[in-house]
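Here is the structure we will look at.
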Amino acid sequence: QVQLVESGGGLVQAGGSLRLSCAASGSIFSINVMGWYRQAPGKQRELLAAITSVGSTNYADSVKGRFTISRDNAKNTMYLQMNSLKPEDTAVYYCNADRIATVFRAYREVWGQGTLVTVSS
């Protein structure tokens, strides 16, 4: 069994910064593409940023230049540095891994439980 656990959410004022973490646990051999998503009340979940196992990244236009995705493969952990936060960034933030390989089997589309980010104006 594998698990993704997000942390680092909270309340921040507009213009502030937060750093989210997503830690994968289990007998992990490798993790393919990882990504950060968010879902605001009444809206669909949207992809914000993704990073491959070798560090290639891409970003949604809404966060490009403000958010930075990174990962530490040795720690099976992914990060999202969020700067210049706006009230419209308020949402539950989720991490995802499209494929996690363990010694025993591969798991596809693994999601974390989410962490709430609230940006006050």
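- The shortest side-chain heavy-atom distance between T102 and F29 does not fall under the 4.5 Å cut-off.
- Looking at every heavy atom in both residues, L4 comes nearest to C95 through CB-SG, 3.8 Å.
- For the residue pair I31 and R71, the shortest heavy atom distance occurs at O-NH2, 2.9 Å.
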Worksheet item: Please walk me through it: do C22 and V5 pass side-chain contact (heavy atoms from CB on, under 4.5 Å)?
Response: CA-CA 5 Å; C22 170; V5 178; over 6 Å; no
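- With hydrophobic clusters built from ILVMFWY side chains whose heavy atoms lie under 4.5 angstrom apart, V33 does not share a cluster with W36.
- For the pair M82/D89, no side-chain contact is recorded, criterion being any heavy-atom separation below 4.5 Å from C-beta on.
- The closest donor-acceptor contact from the side chain of R66 to the backbone of S84 lies under 3.5 Å.
- Between the side chain of T90 and the backbone N or O of V119, at least one donor-acceptor pair lies under 3.5 Å.
- Side-chain atoms of T77 and D72 form no donor-acceptor pair, as typed in the model, at a separation below 3.5 Å.
- Between V12 and T118 there is no side-chain heavy-atom pair separated by less than 4.5 Å.
- In this structure, R19 satisfies the cation-pi test against Y79, with its NZ or CZ atom closer than 6.0 Å to the six-membered ring centre and inside 45 degrees of the ring normal.
- With N76 contributing its side chain and A24 its backbone, the two residues share no donor-acceptor pair below 3.5 Å.
- No donor-acceptor pair closer than 3.5 Å links the side chain of E6 to the backbone N or O of S21.
- Minimum heavy-atom separation, S121 to P87: CB-CG, 3.9 Å.
- In terms of hydrophobic clustering, with Ile, Leu, Val, Met, Phe, Trp and Tyr side chains grouped at heavy-atom distances under 4.5 Å, L47 and V92 are assigned to a common cluster.
- Without hydrogens or angle criteria, Y107 side chain to Q1 main chain gives a donor-acceptor distance under 3.5 Å.
- At least one side-chain heavy atom of D98 sits under 4.5 Å from a side-chain heavy atom of E109.
- Both V110 and M34 are assigned to one and the same hydrophobic cluster, defined by single-linkage of ILVMFWY side chains at heavy-atom distances under 4.5 Å.
- Under a hydrophobic clustering in which Ile, Leu, Val, Met, Phe, Trp and Tyr are joined whenever their side-chain heavy atoms come within less than 4.5 Å, directly or via other members, L20 and L48 fall into the same cluster.
- Residues V63 and L85 share a hydrophobic cluster, clusters being chains of Ile/Leu/Val/Met/Phe/Trp/Tyr side chains in contact below 4.5 Å.
- Ring orientation note: the planes of F67 and Y93 are tilted relative to one another, at an angle of 30° to 60°.
- Checked by atom type and distance alone, the side chain of Y59 pairs as donor or acceptor with a backbone atom of I69 at under 3.5 Å.
- The minimum heavy-atom distance linking N83 with S17 is given by the pair OD1-OG, 2.9 Å.
- Residues L18 and V117 meet the side-chain proximity criterion, which asks for heavy atoms closer than 4.5 Å.
- Between R38 and S62, some side-chain heavy-atom pair lies under the 4.5 Å cut-off.
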